Amino acid sequence: MNKFFINVFALLISTFIVGIGVFLFKNEILNYYDKSLESLKKTNELQSDLESGKIVVFGSSELLNSNQKFIPQNYFNNDLKLPLRVQGNEGHQEFVILSQLAALENEKVKENAKVVILLSPSWFTGNSDNGTKIPKFLEYMYPGMMNKLYFQSSVDDKFKILINEYVRKNFNFIKEPGYIYTHTFEEFKENYFDNQIKKFIINIYENRNKISQTVSYQKPKFDYEALKIEAKNVELPSNNNSFGINNDNYTKFIEPTVNKEYFPFTIILPKIEENQEYKDFLLLLELLQNYKIKPLFIMQDLNPYIFAKNREEMNILVSLIKSKVEEKGFEYFDMWSYKKEDYEFGVLTDSVHLGELGWVKVNQKIIEHFMQ
């Protein structure tokens with residue numbers, strides 16, 4: 001019994017000493033974590049936007065065409081003066097989207113987040129390893145995000161383990177991995193005392209940099225038909241081809257292939273049970289099911305005049321994706337052309353990326369879903 005009390009007393013003393021050390025050297029510790037976690041500020045900005053109820057659009061390369069008038073980050077923030085954030089670039093697919101949302105999950109996020117997921121059909125094509133690649137994962141799941149995932153997020157441990165297993169699987173492709181990438185989640189979880197220190201440090205940093213705000217929206221009134229006409233007028237010219245592709249893109253990428261035997265292109269799909277992107281999609285649906293405000297999923301298109309072969313099989317997969325979203329009670333906006341006659345020129349500016357008309361339709365759906 002005496003040995004027991006001695007051990008308890010030793011634990012209390014060590015806790016007290018560590019607490020004093022953290023208090024006395026708080027600034028030095030925070031400065032160290034500023035460097036080792038790279039950018040907690042960037043992490044906190046995304047978390048604050050989700051907590052505040054700002055609309056956050058997750059997507060990939062379609063978000064990079066910043067010269068477009070109606071692309072959401074331009075149209076909402078500049079024309080409508082309504083706050084909206086876009087998150088992503090080329091290769092930013094569902095597993096890294098899931099990972100970010102998992103890392104930032106807390107009660108405020110689940111209560112207030114307004115999430116849009118722009119689904120790219122090309123994510124689901126190709127080989128069975130068509131999921132998120134490790135360089136893109138590391139770009140968005142930098143050490144600051146990984147620390148929040150392991151030591152602060154309220155997300156179910158299932159997702160923490162899943163993300164950790166992804167890191168372990170791709171570990172050999174990580175150049176000079178830091179501490180946060182070198183251990184299993186179970187190893188982190190077992191070190192309770194160290195975990196409490198990390199939580200304490202992250203909370204101090206967040207309290208020092210926290211931006212408190214609530215974003216509310218009032219539904220603007222538009223003549224959408226007039227906007228669609230304007231979109232067609234400001235779209236890049238498409239008069240050197242019959243596919244509805246802007247002239248420069250056609251000349252550079254499509255024209256050299258039109259006389260080849262493999263044109264129009266074939267949509268290649270792995271078996272559904274081997275399709276990694278589809279598996280990641282199902283996990284993302286599971287993660288989002290506890291959000292109070294139902295997310296909006298938008299399925300984009302592939303130009304049916306360019307990607308014409310094996311489209312019937314892709315139709316089946318797109319229909320399956322739609323059914324899975326709707327089974328969860330989430331909102332789904334289907335921009336996929338199940339046949340050529342469904343396609344409207346101007347929705348895409350090239351063979352895969354949204355054009356001005358396409359963005360007008362996306363913006364209309366965002367407004368209708370999130371604004372009263």
Side-chain angles (χ1 to χ4, degrees), residues 57 59-76 79-80 116-125 220 222-255 257-258 263-267 296-319 321-322 325-326 331-369:
V57 180
S60 53
S61 55
E62 68 277 348
L63 296 174
L64 298 179
N65 198 350
S66 58
N67 292 325
Q68 290 177 309
K69 173 178 174 59
F70 290 103
I71 197 169
Q73 60 264 44
N74 289 344
Y75 190 63
F76 278 83
D79 290 45
L80 301 183
V116 181
I117 308 292
L118 293 174
L119 297 172
S120 175
S122 60
W123 292 351
F124 300 88
T125 64
F222 291 115
D223 181 347
Y224 284 107
E225 294 308 311
L227 284 179
K228 291 173 184 177
I229 293 172
E230 181 182 358
K232 292 179 180 179
N233 290 335
V234 300
E235 182 57 82
L236 294 173
S238 173
N239 51 28
N240 67 352
N241 67 91
S242 59
F243 305 121
I245 293 174
N246 73 70
N247 291 344
D248 288 345
N249 186 271
Y250 175 76
T251 300
K252 291 179 182 178
F253 302 108
I254 304 302
E255 188 174 29
T257 70
V258 293
F263 185 86
F265 303 143
T266 300
I267 301 175
L296 168 62
F297 284 78
I298 300 176
M299 175 59 76
Q300 300 172 79
D301 206 355
L302 297 176
N303 188 306
Y305 294 90
I306 306 300
F307 292 92
K309 298 176 184 177
N310 201 34
R311 203 166 180 95
E312 296 78 9
E313 188 176 352
M314 188 69 188
N315 289 347
I316 295 172
L317 177 57
V318 171
S319 296
I321 290 170
K322 178 180 180 180
V325 172
E326 292 179 340
E331 190 71 15
Y332 185 86
F333 183 40
D334 195 351
M335 302 182 75
W336 177 255
S337 297
Y338 291 87
K339 54 184 183 295
K340 286 183 180 179
E341 293 76 16
D342 295 334
Y343 183 69
E344 184 177 4
F345 282 6
V347 169
L348 299 178
T349 186
D350 52 32
S351 56
V352 297
H353 296 112
L354 289 169
E356 298 285 8
L357 178 60
W359 284 124
V360 168
K361 294 185 176 188
V362 166
N363 295 341
Q364 180 179 356
K365 190 65 181 179
I366 291 173
I367 289 170
E368 290 174 350
H369 182 62

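Remember, predicted model here, so these are calculated numbers, not experimental data. Atom set for the values below is all heavy atoms of this structure, side chains included, hydrogens, waters and symmetry mates excluded.
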So which heavy atom on [X] is nearest to which on [Y], and how close?
{"X": "Pro220", "Y": "Phe222", "value": "CG-CE1, 3.4 Å"}
{"X": "Met299", "Y": "Pro121", "value": "SD-CG, 3.9 Å"}
{"X": "Pro264", "Y": "Ile306", "value": "CB-O, 3.3 Å"}

Would you give the length of the straight line joining atom [atom1] of [X] to atom [atom2] of [Y], rounded to the nearest 0.5 angstrom?
{"X": "Tyr332", "Y": "Glu326", "atom1": "OH", "atom2": "CD", "result": "8.0 Å"}
{"X": "Phe333", "Y": "Lys365", "atom1": "CZ", "atom2": "NZ", "result": "6.5 Å"}
{"X": "Asn303", "Y": "Lys340", "atom1": "CG", "atom2": "NZ", "result": "9.0 Å"}
{"X": "Leu348", "Y": "Asp350", "atom1": "CG", "atom2": "CG", "result": "7.0 Å"}
{"X": "Asn65", "Y": "Leu236", "atom1": "CG", "atom2": "CG", "result": "7.5 Å"}
{"X": "Ile245", "Y": "Glu255", "atom1": "CD1", "atom2": "CD", "result": "11.0 Å"}

Requested in this report: Before accepting this row, confirm whether a basic side-chain N of the pair Lys361/Glu344 lies closer than 4.0 Å to the acidic partner's carboxylate O.
Outcome: yes
Query raised in the report: Looking at Lys228 and Glu225, does any basic side-chain N land under 4.0 Å from a carboxylate oxygen?
Result: yes
Query raised in the report: Could you walk me through whether Val57 and Val362 pass the side chain to side chain contact (heavy atoms under 4.5 Å, CB included) check?
Result: CA-CA 11 Å; Val57 180; Val362 166; over 6 Å; no
Hey, can you pull the donor-acceptor pairs under 3.5 Å for the side chains in residues 66-73, sequence neighbours left out?
unit_1 : atom_1 : unit_2 : atom_2 : d
Gln68  : OE1    : Trp359 : NE1    : 2.8
Gln68  : NE2    : Leu354 : O      : 2.9
Lys69  : NZ     : Asp79  : OD2    : 2.8
Gln73  : NE2    : Leu63  : O      : 2.9

Requested in this report: Evaluate side chain to side chain contact (heavy atoms under 4.5 Å, CB included) for Phe265 paired with Thr257, printing each intermediate quantity in order.
Outcome: CA-CA 9 Å; Phe265 303 143; Thr257 70; 3.8 Å; yes
Query - Test side chain to side chain contact (heavy atoms under 4.5 Å, CB included) applied to Ile321 and Phe124, step by step - result: CA-CA 10 Å; Ile321 290 170; Phe124 300 88; 3.7 Å; yes
Requested in this report: Compute the ring centroids of Phe243 and Phe263, then answer whether they are less than 6.0 Å apart.
Outcome: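 Yes, ring centres under 6.0 Å apart.
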Report task. Could you please spell out the steps behind the side chain to side chain contact (heavy atoms under 4.5 Å, CB included) verdict for Val258 and Asn241? Result -> CA-CA 11 Å; Val258 293; Asn241 67 91; over 6 Å; no
Query raised in the report: Do Ile367 and Leu80 come within less than 4.5 Å of each other through their side chains, counting heavy atoms only?
Result: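 Yes. Closest side-chain heavy atoms under 4.5 Å.
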Side-chain donor/acceptor pairs under 3.5 Å, residues 310-317, sequence neighbours excluded:
unit_1 : atom_1 : unit_2 : atom_2 : d
Asn310 : ND2    : Ile267 : O      : 2.7
Asn310 : ND2    : Glu313 : OE1    : 3.0
Arg311 : NE     : Ser337 : O      : 3.0
Arg311 : NH1    : Leu302 : O      : 3.1
Arg311 : NH1    : Phe307 : O      : 2.8
Arg311 : NH2    : Asp301 : OD1    : 2.9
Arg311 : NH2    : Leu302 : O      : 2.8
Arg311 : NH2    : Ser337 : O      : 3.1
Asn315 : OD1    : Trp336 : NE1    : 2.8
Asn315 : ND2    : Tyr338 : O      : 3.0

Report task. Look at the side chain of Asn363 and the backbone N and O of Phe76, then say whether any donor-acceptor pair between them is shorter than 3.5 Å. Result -> no
Requested in this report: State whether a side-chain donor-acceptor pair under 3.5 Å links Glu235 with Thr349.
Outcome: yes
Query raised in the report: Is there any salt bridge (charged side-chain N to carboxylate O under 4.0 Å, His left out) pair reaching into residues 237-250, and which pairs are they, with sequence neighbours excluded?
Result: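 Found none.
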Query raised in the report: Picking from Ser60, Ser120, Ser61, what satisfies side-chain hydrogen bond (donor to acceptor under 3.5 Å, both in side chains) with His353?
Result: Ser61
